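Below: the structure, in structure tokens.
Keep in mind that the numbers below use all heavy atoms, side chains included, and drop hydrogens, waters and symmetry copies. Numbers here simply count residues along the sequence, with the first being 1. Here the structure is a predicted model, which is why all the values come from computation and not from measurement.
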Amino acid sequence: MDSLILPGMTRAEKMNRSMNFPAWLAACLVFAMLFPVTVSAQFYNGSQLTFGKSRVQYGEFLWQNFRFEKFDTYFYQNGNKLALYAAEYADKHYREIELDLQSNLEEKVQFIIFNTLSDLKQSNIGLYGDWDYYNTGGVTRIIGGRVLLFFDGCYEHFERQIRAGIAQVILNNMIYGTGIGAQIKNNALFTVPEWYINGLVSFISRKWDADIENEVRDAILNRKYEKFNSLTGGEATYAGHSLWNYIAFKYGPTTIPNIVYMARLSHNVERGFQYVLGVGFQGIVQEWLAFYKQIYREQESSRSLPAGLPLNTRNKPDRLYHSLKISPDGNRVAYATLQLGIFKVMVRDMETGKTKRVYRGGYRLADRPDDSYPLIAWHPDGSVLAFLVERKGGIWLYFYHFGDRVLEHQLLVNFQKVLDISYSDDGTLLVMSAVQNGQSDIFVYNPASGSHEQITRDRWDDLNPRFINHSADIIFSSNRTSDTIRFDEPVKASKIRYFNDLFLFHYSTKHNVLQRLTNTPDAHETQPMPYSDRYFCYLSDQNGIVNRYLARYDSTIAFIDTTAHYRYFTTSFPVTDYSRNILEQDVSPRGARMAEILLR
């Protein structure tokens, strides 16, 4: 197959443009917490609003809260599950963070939970005029003891935001003190660079994974960390994370809180390293860079990048490419771009090389845009391009007809967020991963009637669904531990795992027992899609870098009594060995083309 490549913008560069947020709160583990108090509340923001700045709100937020010993969780309609989950997770893990930092959580934390990023962007709570105030590496926003969270359809990301919020509150107390006078004094005397605090929060809240390593590898090999103290935004966060990771590896994790404590006493970040490690700060930076350079150069020598020509010959560092989709006949490629708050849906004709803009939206504002939209899907006959955007607080599904150049649209209701869409073979249905009531599930949507059928309904993350086997089955990625679909199955926060496997749902029979296609406890499999008869491809970080794998799904007779009973199995193998993560992929079996987005 031909390979169509779109070099991707790194997450660090996306975060440099604007910062992110968090989401979630939950439950009752201690006896005293068994009956949390639910209180209706409405935030007053008059003292926190920047004059002349107020966000447009498309809905009314009627706030309620659960009160616990260490935390309060605030939520609104359809957010109570997130609030309880956040409180349960925070209560279980805040002591781990206290031990990591060797410091106690001395003030009560208020988690303010938004169902979506769009809702958070409408809120005036703690409104600032500049996104530079959104700290912790673009993950969590802290306003005093308030931690603003949002749900993006993934519980792992939600948990990461909770941990980041707790870590940030504790670190603020460690560095600046707890009293108002001490904070004002230390703020004036003690300047903390972005990589230091944001990188440390990221290190505490998130384990080292393939995504972080992909960003760090690309930055180090391209010499982006040479001017270390000048780094800002996402680059500062990833650089700081990798530096603290190196210090924990070489000198031990217990040295980290001592470095922070000595930096506060001396009012100097660099002296903290000197006093605790016995090595000057510049020496530590040189050791760190040399350590990772050696590892990544050795890995680079045995791996490669795709040989195909990129679609975007003029790559702009502040432009994000995503939702890359090949037409069924392989003659056109659709993709979305996002730059400075403006998104566009583009279509490239592979025969003529001409590019057409189908849609443009968004606003050139300081507010961080939701880079998960637009979502794109080709109709099976290639005459219609469906794409989904978020506008004025609603989710809109558009259909662009290439024949008469007509653009139709309809509003999707009853969904808080849509994560992925794809057509059935006959073009009458769309399979979606979408969020309802604080959890991501699989739905089959009928555009003609505007109705939907729910396939899963539980707390597990169900992502990247695709019709397969002539639309008789649906393949998807999920972190579920059971192969049986049980609606409203109670799942504790402690049972949620971070690695996704692949599952097959027999849509033609609606049988509630899934076929587990992969079972890899330490690998993350995503973006499955049909490849050819009895074959499918997917992305996996099994070797530490996200590469493409090809799998064959087959069956054999297990035993025979009155009828034959079959055992299903999957045989898979890697088909790429790139030195950078594949961020997105798409396959056109009929057009015999493959496309991918990655760093290069």
Item to check | Side-chain touch I259/R264, heavy atoms, less than 4.5 angstrom | outcome: no
Next on the checklist: For E270 versus N229, what's the shortest heavy-atom pair and its separation?
Outcome noted: OE2-ND2, 3.9 Å
For residues 248-256, dump all side-chain donor-acceptor pairs below 3.5 Å to protein atoms at least two apart in sequence or in another chain.
from : atom 1 : to   : atom 2 : distance (Å)
K250 : NZ     : E287 : OE1    : 3.1
Y251 : OH     : E287 : OE1    : 3.1
T255 : OG1    : G252 : O      : 2.7

Checklist entry - Can you tell me how far CZ of F61 sits from CD1 of I112, rounded to the nearest 0.5 angstrom? => result 12.0 Å
Checklist outcome for this item: When rounded to the nearest 0.5 Å, the distance separating CG of L463 from CG of L419 is 6.5 Å
Item to check | Separation between NZ of K417 and CG of D152, rounded to the nearest 0.5 Å | outcome: 7.0 Å
Item to check | Stepwise side chain to side chain contact (heavy atoms under 4.5 Å, CB included) test for I170 and I97 | outcome: CA-CA 9 Å; I170 295 175; I97 301 172; 4.1 Å; yes
Checklist entry - Is it the case that D462 and S440 place a side-chain donor and acceptor less than 3.5 Å from each other? => result no
Next on the checklist: Show the nearest heavy-atom pair for residues N115 and Q416, with the distance to one decimal.
Outcome noted: ND2-NE2, 3.6 Å
Item to check | Residues E300, R580; criterion salt bridge (charged side-chain N to carboxylate O under 4.0 Å, His left out); working and verdict | outcome: CA-CA 9 Å; E300 196 89 347; R580 301 290 190 277; 3.1 Å; yes
Checklist entry - What are the two closest non-hydrogen atoms of E584 and S323, and how far apart are they? => result OE1-N, 2.8 Å
Checklist entry - Aromatic rings H524 and F499: how do their planes relate, parallel, tilted or perpendicular, breaks at 30° and 60°? => result perpendicular
Next on the checklist: Test your reading of the model: is there a side-chain donor-acceptor pair from N65 to the backbone of D72, 3.5 Å cut-off?
Outcome noted: no
Next on the checklist: Between N500 and T526, do the side chains contain a donor N or O and an acceptor N or O under 3.5 Å apart?
Outcome noted: no
Checklist entry - Mind checking whether Y74 and W63 have ring centres under 6.0 Å apart? => result no
Checklist entry - Just checking, is any N or O donor in the side chain of W460 or D441 under 3.5 Å from an acceptor N or O on the other one? => result no
Checklist entry - Strictly by modelled atom types, are S477 and D501 linked by a side-chain donor-acceptor pair under 3.5 Å? => result no
Checklist entry - Hey, are K121 and T116 close enough side-chain-wise for a donor-acceptor pair under 3.5 Å? => result no
Next on the checklist: Could you tell me if the side chain of Y246 sits less than 4.5 Å from the side chain of Y292, heavy atoms only?
Outcome noted: yes
Checklist entry - Where the side chain of S205 meets the backbone of V201, is there a donor-acceptor pair that is under 3.5 Å apart? => result yes
Next on the checklist: Assess, by modelled atom type and distance only, whether the side chains of D218 and N214 contain a donor and an acceptor separated by less than 3.5 Å.
Outcome noted: no
Checklist entry - Parallel, tilted or perpendicular: which describes the rings of Y196 and W244, with under 30° parallel and over 60° perpendicular? => result perpendicular
Next on the checklist: Under a 3.5 Å distance rule, please check whether R217 uses its side chain to pair with a backbone N or O of R297 as donor and acceptor.
Outcome noted: no
Next on the checklist: Working to the nearest 0.5 angstrom, can you tell me the gap between S301 OG and Y296 OH?
Outcome noted: 14.5 Å
Item to check | Heavy atoms from other residues, nucleotides or ligands near NZ of K108 exceed 12 (cutoff 6.0 Å) | outcome: yes
Checklist entry - Is it true that F228 and W288 have ring centroids separated by less than 6.0 Å? => result yes
Item to check | Candidate pair S579 and L305, rule side chain to side chain contact (heavy atoms under 4.5 Å, CB included), full reasoning | outcome: CA-CA 6 Å; S579 59; L305 285 172; 3.6 Å; yes
Next on the checklist: Tell me if a side-chain donor or acceptor on Q585 pairs with a main-chain N or O of R548 at a distance below 3.5 Å.
Outcome noted: no
Checklist entry - Which value, rounded to the nearest 0.5 Å, describes the distance between L599 atom CG and I582 atom CD1? => result 11.5 Å
Next on the checklist: What I'd like to find out is whether the side chain of Y578 reaches to under 4.5 Å of the side chain of E596, using heavy atoms alone.
Outcome noted: yes
Next on the checklist: Is it true that, when you exclude K293 itself, more than 12 heavy atoms of the residues, nucleotides or ligands shown sit nearer than 6.0 Å to its NZ?
Outcome noted: yes
Checklist entry - What's the verdict on side chain to side chain contact (heavy atoms under 4.5 Å, CB included) for V192 and I175, showing C-alpha distance, side-chain angles and the deciding distance? => result CA-CA 9 Å; V192 181; I175 295 174; 3.9 Å; yes
Checklist entry - Has the side chain of S266 got a donor or acceptor atom that lies under 3.5 Å from a matching backbone atom of R271? => result no
Item to check | Under 3.5 Å side-chain donor-acceptor pair for N464 and Y538 | outcome: no
Checklist outcome for this item: Correct closest heavy-atom pair for I162 and A90 would be CG2-CB, 3.9 Å
Item to check | Sub-4.5 Å side-chain heavy-atom contact between S118 and D370 | outcome: no
Checklist entry - In terms of ring plane angle, is the pair F71 and F111 parallel, tilted or perpendicular, where the classes change at 30° and 60°? => result tilted
Next on the checklist: Please find the pair of heavy atoms, one from R223 and one from E226, that lie closest to each other, and give the distance.
Outcome noted: O-CG, 3.3 Å
Next on the checklist: Taking P490's backbone N and O only, do any of them form a donor-acceptor pair with D458's side chain (distance below 3.5 Å, no angle check)?
Outcome noted: no
Checklist entry - Roughly how far apart are E213 CD and I220 CD1, rounded to 0.5 Å? => result 9.5 Å
Next on the checklist: Quick check: closest heavy atoms across N519 and P521, and the distance to 0.1 Å?
Outcome noted: O-CD, 3.6 Å
Item to check | Side-chain touch L148/F114, heavy atoms, less than 4.5 angstrom | outcome: yes
Checklist entry - Given Q439 and K81, is the side chain to side chain contact (heavy atoms under 4.5 Å, CB included) satisfied, shown in steps? => result CA-CA 9 Å; Q439 58 192 35; K81 290 182 180 179; 4.1 Å; yes
Checklist entry - Do D209 and Y498 pass the side-chain hydrogen bond (donor to acceptor under 3.5 Å, both in side chains) test, and can you show the C-alpha distance, the side-chain angles, and the key distance before you say yes or no? => result CA-CA 11 Å; D209 57 30; Y498 293 153; over 6 Å; no
Next on the checklist: With a 6.0 Å cut-off on the ring centroids, do W208 and F203 count as close?
Outcome noted: no
Next on the checklist: Is any side-chain heavy atom of Q110 closer than 4.5 Å to one of V147?
Outcome noted: no
Checklist entry - Salt bridge check: are D461 and R480 linked by an N-O gap of less than 4.0 Å? => result no
Next on the checklist: Do T237 and E194 pair up side chain to side chain, a donor and an acceptor below 3.5 Å, judged on atom types alone?
Outcome noted: no
Next on the checklist: Taking the side chain as everything from C-beta on, heavy atoms only, tell me whether Q168 gets closer than 4.5 Å to V109.
Outcome noted: no
Checklist entry - Got a salt bridge between E159 and R163, using NZ or NE/NH1/NH2 to carboxylate O under 4.0 Å? => result no
Checklist entry - Given side chains that start at C-beta, do those of R303 and N543 come closer than 4.5 Å, heavy atoms only? => result yes
